[in-house]
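Have a look at the structure below, then the notes.
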Amino acid sequence: MAAKTIQIEVCDQITKVCHVEKKGKKVRVSDAFAFQTPEGSVQEGVIANPAVLGAELRDQLASHGLGDAKSAAFTITSNKIAVREARLPYMKPKLVGAAVHTNAQDYFPVDLQSYGISYSVLETVSGPDGFVRVMAYAAPISLLDGYAQLAAEAGLSVKALDCSGNGQYQLLRGVNAKGEASLYVDVGSGSSVISFLFGDKLIMQRAFAFGADDLVTHYASAAGREDAGYLTALRETDAAGPDFAADKVLSPDEIANDLNRFVSGIVRTIDFFNSSRGDIAASRVVLMGTLRHIVGLREQIADATGLETSFLDELPEFGVFTA
């Protein structure tokens, strides 16, 4: 049997680990767990202390039965990665990479010797007026090196490095129904990503330098749970979880106020999308990410947008297996 490759996303507050399998249009997630990122080991997605985080990751893998994992695909969540959408003349797929690197200085006016350049193809249209639409990425080499050091400390090899926005798109393109204009919201703690998909095409993607953390930290303070750890406070604000307790501590008005900045950002993004794309209008919102079930969020987004609002794990194309 081939060695299992695990998926790891390291965030400032939480590190997430899982095994993902795609079978046709079905997506299966198994062996999923999260643990609190050691304090000070990650700052804005940059691995500040690979030795401490690597030791914790190694211990967590062993305790969850994944101590035999040999390789990992890391998803990077960091505002240090620059992202630009570009349209190139139509060309054969094998030529796109060279074209992106040739034009990289136009996309990213920085010293490119200190950056790694990558891209993903979003759309290809052939013919006389054909084009190739790409998303280009520039990541500081020092940022990428930090993940290599982390993997070495944890006893893993790096199979792939990807930014969170592209990783989410590669997953969602097989989930979103043909002809469906959906807004997928990755609800994070300190950052979030919004992806607009029409069928399997990524139309627009936006990142917030904030998430739904205001509510979690407010609850922890109000309930006197600050010393219990971030994950404890998160579980107690999760309306779908067995430890949910936030509604007994925070009033409906306090919950609404804590979520207001995040919800307002979503509304403004939808308005911009709908006004800039007169041919396509968002028809539903799908919440995903660690904080997707946070108390009041689904209802507040549905009220503010007037759109059907659901959770990714409710979609028939998405299955979660906790074997």
Under the side-chain contact (heavy atoms from CB on, under 4.5 Å) rule, what do Ile8 and Leu150 come out as? Steps first, then yes or no, please. CA-CA 11 Å; Ile8 301 174; Leu150 169 62; 5.9 Å; no
Does any non-hydrogen side-chain atom of [Y] lie less than 4.5 Å from one of [X]?
| X | Y | result |
| --- | --- | --- |
| Arg277 | Phe196 | no |
| Val263 | Leu297 | yes |
| Asp313 | Arg292 | yes |
| Tyr219 | Ile255 | no |
| Ile301 | Val185 | no |
| Phe108 | Ile117 | yes |
| Ser120 | Gln170 | yes |
| Leu88 | Asn103 | yes |

Hydrogens and angles aside, do [X] and [Y] bring a side-chain donor and acceptor to less than 3.5 Å of each other?
| X | Y | result |
| --- | --- | --- |
| Ser283 | Glu308 | no |
| Gln205 | Ser195 | yes |
| Arg225 | Tyr230 | no |
| Gln149 | Asp145 | no |
| Thr37 | Thr15 | yes |

What is the distance from atom [atom1] of [X] to atom [atom2] of [Y], rounded to the nearest 0.5 Å?
| X | Y | atom1 | atom2 | value |
| --- | --- | --- | --- | --- |
| Leu183 | Met204 | CG | CE | 8.0 Å |
| Ser192 | Leu291 | OG | CG | 8.0 Å |
| Asp214 | Asn257 | CG | CG | 10.5 Å |
| Ser142 | Tyr147 | OG | OH | 11.5 Å |
| Glu44 | Leu143 | CD | CG | 11.0 Å |
| Asp279 | Asn274 | CG | CG | 10.5 Å |

Phe210 and Phe262 aromatic ring geometry - parallel, tilted or perpendicular at 30°/60° bounds: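 Perpendicular, since the angle between the ring planes exceeds 60°.
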Does this structure show an ion pair linking Glu153 with Arg58, if we count only N-O contacts that are shorter than 4.0 Å?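 Result for this pair is no, no salt bridge flagged.
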Please walk me through it: do Gln168 and Tyr184 pass side-chain hydrogen bond (donor to acceptor under 3.5 Å, both in side chains)? CA-CA 9 Å; Gln168 290 169 25; Tyr184 290 90; over 6 Å; no
Would Tyr137 and Asp162 satisfy side-chain contact (heavy atoms from CB on, under 4.5 Å), going step by step from the backbone distance to the final call? CA-CA 10 Å; Tyr137 307 92; Asp162 199 359; 5.7 Å; no
Could you walk me through whether Ile270 and Ile194 pass the side-chain contact (heavy atoms from CB on, under 4.5 Å) test, one step at a time? CA-CA 10 Å; Ile270 292 175; Ile194 298 179; over 6 Å; no
Closer than 3.5 angstrom, by distance alone: can the side chain of [X] be matched with the main-chain N or O of [Y] as a donor-acceptor pair?
| X | Y | answer |
| --- | --- | --- |
| Arg298 | Thr309 | yes |
| Arg284 | Glu180 | no |
| Ser264 | Arg261 | no |

Check for me whether Arg84 meets the cation-pi criterion with Tyr107, that is, NZ or CZ under 6.0 Å from the six-membered ring centre and within 45 degrees of the ring axis.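 Judged by the rule (NZ or CZ under 6.0 Å from the ring centre, within 45° of its axis), Arg84 is not positioned above Tyr107.
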Going by the rule side chain to side chain donor-acceptor pair (under 3.5 Å), which residues pair with Asp227 if we only count those two or more places apart in sequence or in a different chain?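 None.
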I would like to know whether Val42 and Ile47 meet side-chain contact (heavy atoms from CB on, under 4.5 Å); could you show each step before the answer? CA-CA 5 Å; Val42 180; Ile47 309 299; 4.1 Å; yes
Is there a side-chain hydrogen bond (donor to acceptor under 3.5 Å, both in side chains) between Glu9 and Thr77? Walk through the geometry before answering. CA-CA 7 Å; Glu9 182 177 10; Thr77 301; 2.4 Å; yes
So which pairs with a foot in residues 240-249 pass salt bridge (Lys or Arg N to Asp or Glu O under 4.0 Å), sequence neighbours left out?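 Found Arg235-Asp243.
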